[in-house]
Amino acid sequence: GGLGVTGILTSRLTGKIQADMHFRRYSGGANLKHETTNILGAADLKYQATRRLQARLGVWRTIQESTFGFSRHTVATGASFGATQALGKWALGFDGSFETNRYPEATTLRGEYGTRRDDTYTGSLRADYKVRTWLSTDLSYQRSQRHSRFSNDFNFASDRTTASLRVQF
């Protein structure tokens, strides 16, 4: 279970905080850990700097399933930031984040022994255009890059460009 609270901190600043105690019990696998208990949580702040400019900041700690080695899960810890500026029918924004995934069980891969840790960096830019109150379009670009501190086999980079058209009734 968990607890959370959302609130208005000032006339321009809102926030949300959540905390959870997470227990998992696994079955099967003679060499695998059968139970894990983790404290998880998240905090988000939104700052309305002006009528048209909003900034965001967030931090989190979560648990994610894993199929790597002897680790049944990873613990992900991260932070994100971003801003959006409205300019008439346009809205321009950027976001960035950093996340570390830690695998709790040590393993061996090609003679390398240790616990795996992956760091992922993500940045994005976007432009939204409101054609009508019910019709909008956007264009965005996102770059993600993972650096594994365990093995270069897990490194990657991903570029994604997206264009969309939204109709709302």
Side-chain angles (χ1 to χ4, degrees), residues 2-22 38-68 71 73-104 115-169:
L3 296 172
V5 66
T6 300
I8 299 170
L9 304 170
T10 70
S11 63
R12 296 179 184 250
L13 185 65
T14 60
K16 179 172 76 170
I17 190 165
Q18 177 182 339
D20 298 298
M21 177 65 82
H22 197 90
N38 292 280
I39 297 174
L40 309 175
D44 294 298
L45 291 174
K46 288 184 183 174
Y47 180 67
Q48 195 70 41
T50 67
R51 192 169 53 90
R52 297 175 183 242
L53 177 63
Q54 182 187 75
R56 300 168 301 283
L57 179 65
V59 294
W60 64 89
R61 185 172 194 264
T62 64
I63 190 168
Q64 300 170 355
E65 297 299 322
S66 171
T67 58
F68 174 74
S71 294
H73 69 279
T74 69
V75 176
T77 306
S80 65
F81 62 92
T84 302
Q85 173 72 50
L87 304 164
K89 291 187 172 195
W90 288 93
L92 304 174
F94 74 90
D95 291 286
S97 68
F98 170 77
E99 183 175 270
T100 292
N101 285 286
R102 295 179 187 272
Y103 295 73
T115 53
R116 182 175 163 189
R117 174 183 155 190
D118 298 337
D119 296 334
T120 304
Y121 307 87
T122 303
S124 65
L125 299 171
R126 74 182 172 288
D128 300 308
Y129 182 72
K130 189 168 240 169
V131 181
R132 300 271 188 255
T133 56
W134 52 271
L135 179 65
S136 61
T137 185
D138 70 64
L139 179 65
S140 66
Y141 169 76
Q142 181 184 62
R143 167 78 175 187
S144 291
Q145 193 163 339
R146 180 171 67 194
H147 173 70
S148 179
R149 303 205 176 231
F150 179 70
S151 171
N152 289 337
D153 292 341
F154 303 109
N155 293 351
F156 79 86
S158 168
D159 294 295
R160 181 173 44 191
T161 303
T162 306
S164 66
L165 181 67
R166 285 185 300 281
V167 178
Q168 297 175 329
F169 296 98

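Because the structure is a prediction, the values reported are computed rather than measured.
- Ion pairing between a basic and an acidic side chain is recognised when a charged N comes within 4.0 Å of a carboxylate O; R116 and D118 show such pairing.
- In this structure, a donor-acceptor pair under 3.5 Å is present between the side chains of Q145 and R143.
- Closest of all the heavy-atom pairs between T137 and S164 is OG1-O, 2.8 Å.
- The shortest distance between side-chain heavy atoms of F81 and F94 falls below 4.5 Å.
- Atom OG1 of T10 is separated from atom CD1 of I8 by 9.5 Å, given to the nearest 0.5 angstrom.
- Of the charged side-chain nitrogens involved, none lies within less than 4.0 Å of a carboxylate oxygen, so that R126 and D138 do not count as a salt-bridged pair.
- In this structure, D44 and K16 have side chains that are in contact, with non-hydrogen atoms separated by less than 4.5 Å.
- For the pair T6 and T14, the minimum side-chain heavy-atom distance is 4.5 Å or more.
- When each of T120, T77, D119 is tested with T100 by the rule side-chain hydrogen bond (donor to acceptor under 3.5 Å, both in side chains), just one qualifies, namely D119.
- Inter-residue side-chain proximity for R61 and V75 is flagged as met; some heavy-atom pair is nearer than 4.5 Å.
- Looking at Q142 and R160, their side chains do bring a donor and an acceptor atom within 3.5 Å of each other.
- Atom CG in L57 sits 13.5 Å away from atom OH in Y47 (nearest 0.5 Å).
- Residue F98 holds its CZ atom at 4.5 Å from OH of Y121, rounded to the nearest 0.5 Å.
- Between the side chains of S80 and S97, not a single donor N or O lies within less than 3.5 Å of an accepting N or O.
- For the atom pair N101 CG and S66 OG, the distance stands at 9.0 Å (nearest 0.5 Å).
- Taking CD from Q85 and CG from L53, the interatomic distance works out to 5.0 Å, rounded to the nearest 0.5 Å.
- In this structure, K130 does not pair ionically with D128, as no charged nitrogen and carboxylate oxygen lie closer than 4.0 Å.
- Annotation: side chain of T115 is not in contact with side chain of F150 (no heavy-atom distance under 4.5 Å).
- Q168 CD to S136 OG: the interatomic distance, rounded to the nearest 0.5 Å, is 5.5 Å.
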Trace of the side chain to side chain donor-acceptor pair (under 3.5 Å) decision for E99 with W60: CA-CA 9 Å; E99 183 175 270; W60 64 89; 3.0 Å; yes

Full working for side-chain contact (heavy atoms from CB on, under 4.5 Å) between I39 and D20: CA-CA 6 Å; I39 297 174; D20 298 298; over 6 Å; no

CA sep, side-chain torsions, deciding dist, call: L135, L165, side-chain contact (heavy atoms from CB on, under 4.5 Å): CA-CA 7 Å; L135 179 65; L165 181 67; 3.6 Å; yes

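- Counting only distance, with no hydrogens or angles, the side chain of T74 and the backbone of A76 share no donor-acceptor pair below 3.5 Å.
- With 3.5 Å as the limit, one finds a donor-acceptor pair spanning the side chains of R56 and T84.
- Residues S151 and S148 approach most closely at O-CB, 3.1 Å, considering heavy atoms.
- Residues L45 and L9 form a side-chain contact, since some pair of their non-hydrogen atoms from C-beta on lies under 4.5 Å apart.
- Remark: the backbone N or O of S124 is not paired with any side-chain donor or acceptor of D95 at under 3.5 angstrom.
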